Amino acid sequence: MTKNQLVMTWLEEMMALTKPDNVVWIDGSEAQLELLRQQSIADGEILKLDQEKLPGCYLHNTAHNDVARVEHRTFICSKHKKDAGPTNNWMAPAQAYEKVGKLFDGAMTGRTMYVIPFIMGPVGSPFSKVGIELSDSIYVVLNMAIMTRVGQCAIDQLGDSSDFVKCLHARKEIDEENRYIMHFPEDNTIWSVNSGYGGNVLLSKKCFALRIASFQGKNEGWLAEHMLILGLENPQGEVKYIAAAFPSACGKTNLAMLIPPEILKGYKVWTIGDDIAWLRIGEDGRLWAINPEAGFFGVAPGTSTKTNPNALATVQSDTIFTNVVLKDDNTVWWEGMDGEVPAHGIDWKGNEWTPASGTPGAHPNSRFTAPAKKCPCISPEWENPQGVPISALVFGGRRAKTAPLVYQAYDWAHGVFVGATMASETTAAASGAVGVVRRDPMAMLPFCGYHMGDYFAHWLEMGENIPNAPKIFHVNWFRLDQNGKFMWPGFGDNMRVLNWIIDRCDGKADAQETAIGYLPKAVDLNMEGLNLPAETVAELLIVDKAVWTAEVASQKEFFKTFEGHLPAEILKQLESLEARLDK
Ligand code: GTP
Ligand code: SPV
Ligand code: MN
């Protein structure tokens with residue numbers, strides 16, 4: 001399929017290492033994908049769902065010990081430990097190649113190696129990048145064909161260039177103790193072994209488009225971020241673009257596909273991307289974003305016609321479901337879906353399941369893989385090779401207390417500080433405890449491919465180079481009341497907050513200056529038709545001095561992690577916040 005000698009040499013080396021019985025190039029054709037689906041069904045890897053109700057849809061269950069990203073087994077293998085920084089696991093490249101190389105030795109014997117060339121970003125875009133994943137899993141091939149542009153188009157785009165990311169994946173025994181997700185940023189290389197779960201094996205996604213790309217972005221003057229991108233159209237038909245970073249399972253897909261409440265029906269949200277943004281400074285001095293992906297790998301539980309009708313519509317065809325409930329009528333179900341809870345089904349572990357089973361039928365991190373072009377609200381601009389111009393950047397997390405519904409940073413440097421001090425309660429998207437507050441700067445803690453101190457410096461420097469920089473905001477949809485109930489309705493009603501954000505960018509909305517930034521007063525937000533008690537609104541917009549003083553202390557503690565390697569500007573911002581709170 002290619003005359004690129006560098007590709008062929010690398011492929012031969014990886015074949016010599018993993019020793020597959022066969023090698024199959026993925027050309028991107030529907031005919032080849034269909035043959036692979038049939039093979040995968042025959043192997044018992046995927047199950048064909050009811051093709052009348054869910055045409056082109058399949059179900060896959062992972063191993064029970066392989067349901068989420070594994071941060072403790074994910075490494076940045078830069079030559080020098082200091083370049084990985086204090087928040088990443090590090091292994092020396094030579095040691096990593098040797099240690100994991102042993103696991104790959106003969107790993108594909110008796111199996112087929114699939115060669116998956118893929119493009120991240122629109123075909124032909126100057127901002128796109130090429131990768132090639134070698135994997136022994138058809139599930140990976142089928143998912144990559146949804147999540148990226150695969151096949152000959154990638155080979156053509158690469159030509160004889162050496163600029164491609166070399167990705168190697170083998171399932172092996174799905175052995176947790178020997179699971180490794182290794183990144184070699186200086187070699188443009190990713191090695192993943194002993195997993196079959198999305199984030200660990202669809203190497204285009206977090207591994208390339210964030211960990212490797214963030215390193216490339218630092219060197220090349222751009223940003224790779226864990227951000228959705230949406231276009232907000234007002235009743236006059238003008239569209240403004242917003243990119244927002246929330247940690248895993250904190251609402252990116254939902255916000256990207258939002259449907260406004262009835263009262264705001266003149267407004268519309270268009271989806272550009274739901275998880276990753278690559279951001280560059282345009283010739284016009286604005287920040288421009290592309291979505292490097294071509295599909296959504298979204299959280300299933302909680303997705304319903306009430307919360308996210310656009311996502312639900314998207315997954316009615318050509319979708320792969322992972323770890324959800326198989327209903328008796330050969331369709332799927334998950335907790336939080338509309339309609340009746342099925343009386344009986346097969347749970348994600350393959351066991352008989354009824355509502356009385358006492359366990360969730362779908363894994364909390366169960367997912368759908370669906371083509372972006374199937375989304376009813378996909379933006380006409382989503383494949384624009386130049387991307388879209390960003391008016392506002394938004395940071396947010398899951399915080400029961402502390403963070404108000406929304407506030408605006410004073411300026412870019414303050415906005416970088418707001419992003420750097422982000423915190424959120426952990427979710428099921430990664431293995432480990434759920435609901436623990438941790439600092440997650442820019443929602444990139446698990447995804448930054450280099451020293452986070454340098455990452456903050458890169459953000460600050462980017463701001464100096466953007467003459468017409470987006471305004472920066474912080475949101476929190478997840479405030480809880482004394483009874484542990486969400487105080488803010490969220491979902492479609494988040495449109496009320498987005499409108500304030502865009503109006504602030506246009507100089508049309510009012511705000512009050514507080515110690516943490518500009519906050520809307522209750523009257524500045526359109527709350528019509530919500531029937532939220534005034535006390536609740538007040539509570540959502542409060543900046544409590546005692547709570548924030550404790551927050552500053554915790555931020556200070558966190559920044560000690562980066563001692564000696566934190567931009568002076570960040571500490572200056574912390575001191576200014578402290579001083580403002582003391583006033
Ligand atoms: P990743 O794909 O892991 O990066 O997640 P994500 O950030 O795209 O999160 P997603 O939109 O899939 O939402 C995760 C969970 O949060 C789902 O169960 C949603 O129903 C829930 N959620 C999303 N938005 C809101 C909101 O505004 N309010 C509340 N209460 N829950 C929300
Ligand atoms: C996330 O965890 O942020 C995801 C899913 O978007 S994964 O592909 O597993 O990273
Ligand atoms: Mn994500």
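All values derive from a computational prediction rather than experimental measurement.
Minimum heavy-atom separation, Phe368 to Thr303: CE2-OG1, 4.1 Å. Shown here for Arg149 and Pro292, the closest heavy-atom pair between the two residues is NH1-O, 3.7 Å. In terms of heavy atoms, Glu528 sits closest to Ile263 at OE2-CD1, 3.4 Å. Residues Gly198 and Phe297 share a closest heavy-atom pair of CA-CZ, 3.7 Å. Here the closest non-hydrogen pair linking Val324 and Ala300 is CG1-CB, 4.0 Å. Smallest separation of non-hydrogen atoms from Gly124 and Gln157: N-OE1, 2.8 Å.
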Full working for side-chain contact (heavy atoms from CB on, under 4.5 Å) between Glu381 and Ile272: CA-CA 7 Å; Glu381 296 297 316; Ile272 307 277; 4.3 Å; yes
Pair Tyr518-Arg504, side-chain contact (heavy atoms from CB on, under 4.5 Å): steps then yes or no: CA-CA 10 Å; Tyr518 299 111; Arg504 285 296 293 171; 3.7 Å; yes
Audit row: Lys129, Glu220, salt bridge (charged side-chain N to carboxylate O under 4.0 Å, His left out) steps and yes/no: CA-CA 13 Å; Lys129 288 191 176 275; Glu220 297 165 11; 3.4 Å; yes
Test log, rule side-chain contact (heavy atoms from CB on, under 4.5 Å), inputs Val416 and Ile570: CA-CA 8 Å; Val416 173; Ile570 298 288; 4.1 Å; yes
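Of the N and O atoms on the side chains of Asn323 and Ser366, not one donor lies less than 3.5 Å from an acceptor on the other residue. If you check the side chains of Asn143 and Thr369, you find a donor sitting under 3.5 Å from an acceptor. With 3.5 Å as the limit, one finds no donor-acceptor pair spanning the side chains of Lys471 and Ser391. Side-chain contact of Arg398 with Thr426: a donor-acceptor pair under 3.5 Å is absent, judged by distance alone. A donor-acceptor pair shorter than 3.5 Å cannot be found between the side chains of Trp288 and Glu283. Side-chain contact of Gln216 with Asn188: a donor-acceptor pair under 3.5 Å is present, judged by distance alone.
Asn476 places a side-chain N or O within 3.5 Å of a backbone atom of Ala403 that can act as its donor or acceptor partner. Looking only at distances, no side-chain donor or acceptor of Ser214 sits under 3.5 Å from a matching main-chain atom of Cys448.
For the atom pair CG of Asp318 and CD of Gln316, the computed distance is 11.5 Å after rounding to the nearest 0.5 Å. Interatomic distance, OG of Ser379 versus OH of Tyr241, reported as 4.5 Å (0.5 Å rounding). To the nearest 0.5 Å, the span separating CG on Asn526 from CG on Asp493 amounts to 10.0 Å. For the atom pair CG of Leu49 and CD1 of Ile320, the computed distance is 10.5 Å after rounding to the nearest 0.5 Å.
Relative to the ring axis of Phe447, Lys206 places its NZ or CZ within 45° and under 6.0 Å from the centre. Geometric assessment of Lys218 against the ring of Tyr450 yields a positive cation-pi assignment under the 6.0 Å and 45° thresholds.
Between His474 and Phe395, the gap from one ring centroid to the other reaches at least 6.0 Å. For Trp382 and Trp270, the ring centers are positioned 6.0 Å apart or more.
Partner of Val269 under the side chain to side chain contact (heavy atoms under 4.5 Å, CB included) criterion, out of Ile259, Leu258, Leu255: Leu258 alone. When each of Phe127, Phe215, Trp278 is paired with Trp222, the ring-ring contact (aromatic ring centres under 6.0 Å, His included) condition holds for Trp278 and for no other.
The aromatic rings of Tyr139 and His60 lie parallel to each other, with less than 30° between the two planes, well short of the 60° mark.
Screening residues 399-418 for salt bridge (Lys or Arg N to Asp or Glu O under 4.0 Å) gives Arg399-Glu551 as the qualifying pairs, with residues at least two apart or on separate chains.
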